[in-house]
Engineer: 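Sending over a structure as structure tokens; questions will come in a sec.
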Number of protein chains: 2
Amino acid sequence: MEVHEYKRDEWIIREGMRPDYLYYVIEGKAKIYLTYQNGKVSLINFINAHDYIGEMELLHEVYYTKGIQATSKLICFAIPLHHCRKRLLEDTTFLRELTKFLSMKATKMAEKYSQSLSFPLENRLADFILQTADGEIYKEKHVTVCDFLGVSYRHLLHVLVQFCEKGYLEKEERHYSIRQNDALHRLADVLKNK
Amino acid sequence: MEVHEYKRDEWIIREGMRPDYLYYVIEGKAKIYLTYQNGKVSLINFINAHDYIGEMELLHEVYYTKGIQATSKLICFAIPLHHCRKRLLEDTTFLRELTKFLSMKATKMAEKYSQSLSFPLENRLADFILQTADGEIYKEKHVTVCDFLGVSYRHLLHVLVQFCEKGYLEKEERHYSIRQNDALHRLADVLKNK
DNA sequence: CCCGAAATAGGAGATATCTCATATTATTAT
DNA sequence: ATAATAATATGAGATATCTCCTATTTCGGG
């Protein structure tokens with residue numbers, strides 16, 4: 001097992017290229033990207049500490065590999081597949097761990113899918129702001145957020161302006177401050193199931 | 001292990017109620033539903049032969065259970081959790097199998113999520129029609145389809161009418177016939193990654 | 001065979017979201 | 001420090017999609 005370290009913006013896996021390792025993230029963050037034929041790029045999900053990378057390629061001989069890019073310094077264990085695949089796939093503890101990880105991943109994606117179809121940006125953005133805010137400071141990059149929530153930059157701005165006009169947020173220098181937590185919560189709660 | 005049989009429209013698992021079994025579908029089809037607070041119902045996915053049901057509850061103590069309803073006669077194995085959970089979670093062959101199943105599920109959901117955000121109904125419907133058509137006959141129920149693709153009934157109709165006007169489909173008595181396979185393919189191919 | 005519920009169908013207007021165009025301001029590399 | 005690049009902003013018009021309404025048709029149960 002090796003320890004790999006990546007810098008911000010470095011590609012851990014390039015789209016379409018099978019990785020040689022199974023990674024386990026110790027520290028740092030990354031993004032999963034997918035490119036469509038027409039050039040559209042979709043930010044599928046975020047990766048955080050304790051997530052696996054490359055588990056799909058461990059399990060499936062044939063798989064279209066998505067691109068993974070570090071968004072901060074990222075440190076991970078890297079387990080060489082050619083050497084360890086067989087042993088990993090026979091290790092009960094590892095399999096049980098991986099099963100849990102995958103089941104959560106599947107659940108989360110299903111949730112996101114369903115929510116994206118069922119609710120306008122207003123609700124999903126409120127949820128996203130609450131989830132990513134640091135105290136009452138929200139300062140995600142707009143470009144990333146609109147990739148993640150799957151809306152145009154223009155529309156994201158539009159809804160943010162609405163939030164400000166309604167007094168939910170207040171725009172400061174280089175970030176937004178949450179002014180009405182409860183209002184955002186009300187919008188975000190609509191996403192929860194009964 | 002028991003064999004359970006469900007009739008069309010029967011609920012295999014009711015939303016919010018933890019199931020007592022892990023199911024493995026031998027034959028038949030089902031749908032996974034989720035209800036939101038505001039009453040909106042979302043059809044999350046279809047279940048087919050060789051899929052598992054209840055695997056989330058096997059793995060997680062705390063989990064909001066989604067509703068699962070048979071759409072045809074459905075026959076499955078039912079493995080009582082209270083009796084077998086421990087043994088299942090120590091069985092390498094089973095875990096490896098479940099891991100593969102879950103990884104495909106996660107991948108599929110991620111794909112659907114990303115596609116739903118990136119493309120209009122036109123493309124997603126073309127793909128859906130090609131995937132569910134029996135030869136050149138398409139005859140899914142509109143109500144189900146709009147739940148699945150996450151659009152309103154009205155809008156689904158609208159796009160179907162367009163397809164007919166463009167000559168891609170032709171409406172017959174109680175179904176649609178595919179007239180221009182290639183045109184639909186061109187629309188559906190946009191969903192594929194590069 | 002009849003009835004009520006579910007499914008289909010389509011009009012009309014509202015809203016969410018997109019595209020394109022154009023400035024201005026940060027950030028990064030040289 | 002400068003120039004190039006990425007990110008932020010905003011207007012205006014187009015389109016995708018929704019909601020509400022109202023008929024008509026189909027279908028399963030008594």
Side-chain angles (χ1 to χ4, degrees), chain A residues 7-10 31 33 36 38-43 69 71-72 115-126 128 138-166 169-176 187 190-191, chain B residues 7-10 31 33 36 38-43 69-73 115-126 128 138-166 169-176 187 190-191:
Chain A
K7 295 185 209 112
R8 184 160 181 280
D9 292 338
E10 204 173 342
K31 295 188 276 195
Y33 280 110
Y36 288 103
N38 63 5
K40 240 186 212 213
V41 173
S42 179
L43 170 52
Q69 185 181 35
T71 49
S72 69
Q115 290 173 356
S116 74
L117 291 177
S118 303
F119 302 101
L121 180 61
E122 185 179 44
N123 300 100
R124 295 182 289 131
L125 180 59
F128 182 80
Y138 168 76
K139 54 175 173 184
E140 294 300 317
K141 274 197 189 161
H142 296 341
V143 276
T144 306
V145 177
C146 59
D147 276 351
F148 185 62
L149 296 180
V151 295
S152 67
Y153 185 90
R154 190 66 193 81
H155 188 51
L156 173 62
L157 255 298
H158 182 231
V159 175
L160 277 171
V161 167
Q162 282 186 0
F163 281 2
C164 290
E165 280 170 357
K166 288 179 185 162
L169 296 179
E170 190 176 338
K171 190 171 173 181
E172 319 259 318
E173 291 305 309
R174 223 163 258 61
H175 65 263
Y176 293 80
L187 285 175
V190 176
L191 300 187
Chain B
K7 295 187 209 111
R8 184 160 181 281
D9 292 338
E10 203 173 343
K31 294 187 279 194
Y33 281 110
Y36 289 101
N38 63 5
K40 240 184 211 214
V41 173
S42 179
L43 169 53
Q69 186 180 35
T71 49
S72 68
K73 191 179 82 168
Q115 292 173 355
S116 75
L117 291 177
S118 303
F119 302 100
L121 180 61
E122 186 179 42
N123 300 99
R124 296 182 289 130
L125 180 59
F128 182 80
Y138 167 77
K139 54 176 175 184
E140 294 298 317
K141 274 197 190 165
H142 296 340
V143 276
T144 306
V145 177
C146 59
D147 277 350
F148 185 63
L149 297 180
V151 294
S152 67
Y153 186 90
R154 191 64 194 80
H155 189 52
L156 173 63
L157 253 303
H158 182 232
V159 175
L160 277 172
V161 167
Q162 282 185 359
F163 281 2
C164 290
E165 279 169 357
K166 290 178 184 163
L169 297 179
E170 190 175 339
K171 190 170 174 184
E172 318 259 317
E173 291 305 309
R174 221 163 260 62
H175 65 263
Y176 293 80
L187 285 175
V190 177
L191 300 187

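Per chain, numbering begins at 1; letters A, B, ... match sequence-line order.
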Engineer: Quick one: side chain to side chain donor-acceptor pair (under 3.5 Å) partners of B:Gln162, sequence neighbours excluded?
Structural biologist: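 In terms of side chain to side chain donor-acceptor pair (under 3.5 Å), with neighbours along the sequence ignored, B:Gln162 is linked to no residue.
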Engineer: Between A:Arg174 and A:Glu122, name the one whose nearest nucleotide on DNA chain C is closer to the 5' end.
Structural biologist: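 Closer to the 5' end of DNA chain C: A:Glu122.
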Engineer: Restricting to side chain to side chain donor-acceptor pair (under 3.5 Å), what partner residues turn up for A:Glu122, sequence neighbours left out?
Structural biologist: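 Partners of A:Glu122 under the side chain to side chain donor-acceptor pair (under 3.5 Å) test: A:Lys166.
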Engineer: What integer distance in Å separates B:Phe119:CZ from C:dC18:C1'?
Structural biologist: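 In whole Å, C:dC18 C1' and B:Phe119 CZ are 14 Å from each other.
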Engineer: Can you sort out the partners of A:Tyr36 under side chain to side chain donor-acceptor pair (under 3.5 Å), two or more places apart, ordered by chain and number?
Structural biologist: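 Testing A:Tyr36 for side chain to side chain donor-acceptor pair (under 3.5 Å), a comparison that skips the adjacent residues, returns B:Ser114.
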Engineer: Any chance you could measure A:His155, atom NE2, to A:Leu121, atom CG, to the nearest 0.5 Å?
Structural biologist: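 Those atoms lie 5.0 Å apart.
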Engineer: Atom OH of A:Tyr176 and atom CD of A:Glu140: how far apart are they, to the nearest 0.5 Å?
Structural biologist: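 Nearest 0.5 Å value for the OH-CD distance: 12.5 Å.
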Engineer: Measure the CG-SG distance between B:Leu169 and B:Cys164 for me, rounded to the nearest 0.5 Å.
Structural biologist: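 Between atom CG of B:Leu169 and atom SG of B:Cys164 there are 5.0 Å.
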Engineer: May I ask you to decide if A:Leu187's main-chain N or O and A:Asn123's side chain share a donor-acceptor pair within less than 3.5 Å?
Structural biologist: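 Yes, the answer is positive, given that a donor and an acceptor are paired below the 3.5 Å cut-off.
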Engineer: Walk along DNA chain D from 5' to 3' and tell me the first and last nucleotide with an atom closer than 4.0 Å to a non-hydrogen atom of chain B.
Structural biologist: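 On DNA chain D, the outermost contacted nucleotides are D:dA16 to D:dC27.
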Engineer: Pull out every residue in residues 153-160 of chain A that has a heavy atom closer than 4.0 Å to any atom of DNA chain D, ordered by number, or say none.
Structural biologist: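 Contacting residues: A:Tyr153, A:Arg154, A:Leu157.
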Engineer: Taking the nucleotide of DNA chain D with the closest heavy atom to each, which residue, B:Leu121 or B:Glu173, is nearer the 5' end?
Structural biologist: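 Mapping each residue to its closest nucleotide by heavy atoms, the 5'-most match is B:Leu121.
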Engineer: What residues form a side chain to side chain donor-acceptor pair (under 3.5 Å) with A:Tyr33, not counting sequence neighbours?
Structural biologist: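 Result, side chain to side chain donor-acceptor pair (under 3.5 Å) vs A:Tyr33: A:Lys31.
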